[in-house]
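Note that the coordinates shown come from a computational prediction; the quantities given were computed from them, not determined experimentally. By convention in this document, chain letters (A, B, ...) are assigned in the order of the sequence lines, proteins followed by strands, and residues within each chain are numbered from 1.
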2 protein chains.
Amino acid sequence: MPRDGNETKQRILDAAQAHVLEKGFAATSVDDIQQAAGISRGTFFYHFPSKDDLARALIVRYGQADYTFVEGFRERAERLATDPLQRALIFLALHEDVFQEMQPEEAGCLFASFSYEAGVLDDETEAIIVESIEHWRRVLGGMLEEAMLQHSPVMEDVDPYLLADLAYGVFQGAFILSRSLGDKGLMSSHIREFRRYLEVLFGVVPARGTRTETGSAAPL
Amino acid sequence: MPRDGNETKQRILDAAQAHVLEKGFAATSVDDIQQAAGISRGTFFYHFPSKDDLARALIVRYGQADYTFVEGFRERAERLATDPLQRALIFLALHEDVFQEMQPEEAGCLFASFSYEAGVLDDETEAIIVESIEHWRRVLGGMLEEAMLQHSPVMEDVDPYLLADLAYGVFQGAFILSRSLGDKGLMSSHIREFRRYLEVLFGVVPARGTRTETGSAAPL
DNA sequence: GTATTTATACTGACCGGTCAGTTTAATACA
DNA sequence: TGTATTAAACTGACCGGTCAGTATAAATAC
């Protein structure tokens with residue numbers, strides 16, 4: 001059954017990605033991948049000249065999938081709301097949903113995995129990661145930049161692109177915490193907390209005062 | 001120069017930690033470590049029965065250093081302020097200073113590095129990582145819990161321990177972004193942004209209205 | 001419409017090298 | 001004298017990578 005070579009290639013990439021996300025690239029042997037993908041050793045090297053080429057292919061595919069996801073979420077957010085802040089909040093909430101449905105073994109980012117394995121990727125491939133982060137920054141940062149024009153933030157010197165980077169960082173941090181603590185639900189709660197930050201920063205706050213606290217709101 | 005065995009052991013751990021933080025544990029060979037530490041192959045195995053024992057020792061030492069750091073910062077923060085919110089803000093600012101003085105090759109967390117290399121550490125050693133995270137959570141979360149009693153947060157259902165976890169995640173995420181983008185300064189700005197979140201959440205906000213925006217502060 | 005060719009997909013044994021770990025004999029110090 | 005260290009040789013498992021050959025199916029030929 002030599003028909004569809006591309007299907008095999010994708011199966012190799014799927015098996016490889018799962019292994020790399022769990023154990024890391026260096027600790028993933030070609031034999032591991034070959035066995036998990038249900039193919040022979042020769043077939044692996046038929047599709048990928050070297051293990052480093054596999055790494056490159058993994059990053060390329062991951063970057064493309066990431067781009068598609070982000071653009072899809074952007075479009076959905078733009079369809080669901082006209083207010084730019086609401087769009088940003090929805091954009092993040094859509095990510096939250098995805099993470100909630102993730103299997104524990106998927107909870108991780110391939111880019112982050114390689115970030116602690118310097119020297120594997122060549123400069124071009126590293127650039128794909130940078131582009132991917134910058135794409136995210138452009139999309140979410142752009143929404144927040146627009147939001148600033150319509151909602152006065154409660155603080156001065158708000159940098160919408162720093163906020164976008166921070167959101168990306170929160171995702172990455174939540175992945176690591178989630179893996180270290182074995183707590184899957186952590187992902188959602190961290191994203192939700194970040195959304196709360198945006199809400200309170202842009203003044204979209206549910207009315208206070210219904211609470212039972214002692215009262216005085218004066219700070220410091 | 002066979003004098004101090006412990007000094008050699010520490011030199012091995014130093015060299016190993018630097019390599020692991022850069023390339024990962026699996027990609028770090030005993031020869032790499034041995035050469036970087038300026039010792040012989042035999043000496044490495046004299047001090048560490050196996051490479052896995054080295055991993056364990058690295059985590060133990062890192063956990064201890066982490067504990068010392070956090071406790072030191074907690075004490076300094078408690079000395080510098082009595083208000084629990086201010087203590088939390090100072091506690092974070094002290095971390096910010098440390099990260100600012102970090103060399104690019106140090107920018108990373110050993111725990112995070114191992115979080116993408118499953119299977120290397122035994123359960124006991126993994127538990128050290130969990131304890132370390134929980135220690136952080138107790139310290140910062142405790143400060144924030146106290147802060148909630150004195151400052152009414154502008155939102156309901158604020159979970160001080162979730163905020164502490166989030167701060168930890170922001171650190172981790174900033175490390176990854178910093179490494180991926182090659183931007184060292186990112187660390188500080190992300191921590192500073194998180195502190196702003198706490199400020200705005202607890203109502204410690206510099207007066208608004210001095211800004212040049214169109215005016216209306218009413219949201220949504 | 002069967003034989004032949006061609007391109008693609010795949011196999012598994014094999015090779016050279018590297019890795020973690022062992023052993024040994026000699027040596028430096030306190 | 002015992003602890004710390006060195007240098008070097010060695011083992012065996014495993015690793016990435018190669019290669020000669022097989023299987024398949026569609027295209028081409030007769």
Side-chain angles (χ1 to χ4, degrees), chain A residues 1-59 61 113-114 116-122 125, chain B residues 1-59 61 113-114 116-122 125:
Chain A
M1 43 171 108
R3 269 217 314 282
D4 192 356
N6 192 56
E7 189 201 303
T8 305
K9 197 166 185 172
Q10 292 304 317
R11 212 164 64 236
I12 294 172
L13 286 167
D14 289 342
Q17 181 166 314
H19 261 80
V20 170
L21 272 178
E22 202 198 338
K23 312 239 189 194
F25 182 75
T28 299
S29 74
V30 173
D31 278 352
D32 288 337
I33 299 164
Q34 168 239 115
Q35 279 183 30
I39 51 133
S40 73
R41 192 170 174 67
T43 299
F44 176 88
F45 285 103
Y46 174 79
H47 287 286
F48 301 98
S50 74
K51 201 191 165 193
D52 282 348
D53 276 281
L54 168 75
R56 202 176 132 279
L58 279 172
I59 294 292
R61 191 178 71 149
S113 165
F114 279 98
Y116 276 98
E117 292 195 67
V120 177
L121 304 174
D122 55 84
T125 313
Chain B
M1 30 156 128
R3 270 214 315 281
D4 191 355
N6 192 55
E7 189 201 304
T8 306
K9 198 165 183 171
Q10 292 303 316
R11 212 163 63 235
I12 293 172
L13 286 167
D14 289 342
Q17 182 167 314
H19 260 81
V20 170
L21 272 178
E22 202 200 336
K23 312 240 190 195
F25 182 74
T28 299
S29 73
V30 173
D31 279 353
D32 287 338
I33 299 164
Q34 169 237 117
Q35 279 184 30
I39 51 129
S40 73
R41 194 169 171 69
T43 300
F44 176 88
F45 285 103
Y46 175 78
H47 287 285
F48 301 97
S50 75
K51 201 191 166 193
D52 282 347
D53 275 283
L54 168 75
R56 203 177 130 279
L58 279 172
I59 293 293
R61 190 178 73 148
S113 166
F114 279 98
Y116 277 100
E117 292 195 68
V120 176
L121 305 175
D122 55 84
T125 314

- Short side-chain N/O contact from B/Tyr46 to OP1 or OP2 of D/dA4, under 4.0 Å: yes

- Message: Any side-chain to backbone donor/acceptor pair from B/Glu117 onto A/Ala27? Under 3.5 Å, distance only.
- Response: no

- Query: Looking at A/Phe48 and A/Leu54, what are the two nearest heavy atoms and their distance?
  - Reply: CD2-CA, 3.9 Å

- Message: Does A/Arg61, at its CZ atom, have more than 12 non-hydrogen atoms belonging to other residues, nucleotides or ligands within less than 6.0 Å?
- Response: yes

- Where do A/Ala36 and A/His19 come nearest, in terms of heavy atoms and distance? CB-CE1, 4.0 Å

- Task: Please check the phosphate of C/dT8 (OP1 and OP2 only) for any side-chain N or O of A/His47 closer than 4.0 Å.
- Result: no

- Message: Nearest whole Å is fine: how far is D/dT6 C1' from B/Arg11 CZ?
- Response: 13 Å

- Would you say B/Lys51's side chain and B/Phe25's backbone share a donor-acceptor pair under 3.5 angstrom? yes

- Message: So if I take residues 14-24 of chain B and measure heavy-atom distances to DNA chain C, which residues fall below 4.0 Å?
- Response: none

- Item | Phosphate OP1/OP2 of C/dA9: any A/Thr43 side-chain N/O under 4.0 Å | no

- Apply side-chain contact (heavy atoms from CB on, under 4.5 Å) to the pair A/Thr8 and A/Tyr46, showing each step before the final yes or no. CA-CA 11 Å; A/Thr8 305; A/Tyr46 174 79; over 6 Å; no

- Task: Give a yes or no answer on whether the side chain of B/Thr28 reaches the backbone of B/Gly24 with a donor-acceptor pair at less than 3.5 Å.
- Result: yes

- Note on the structure: Of all heavy-atom pairs linking A/Arg41 and A/Asp31, the shortest is NH1-OD1, 2.6 Å

- Query: Base, backbone or nothing for each nucleotide of nucleotides 8-19 of chain D, written B, S, -, heavy atoms under 4.0 angstrom, 5' to 3'?
  - Reply: -------SBBB-

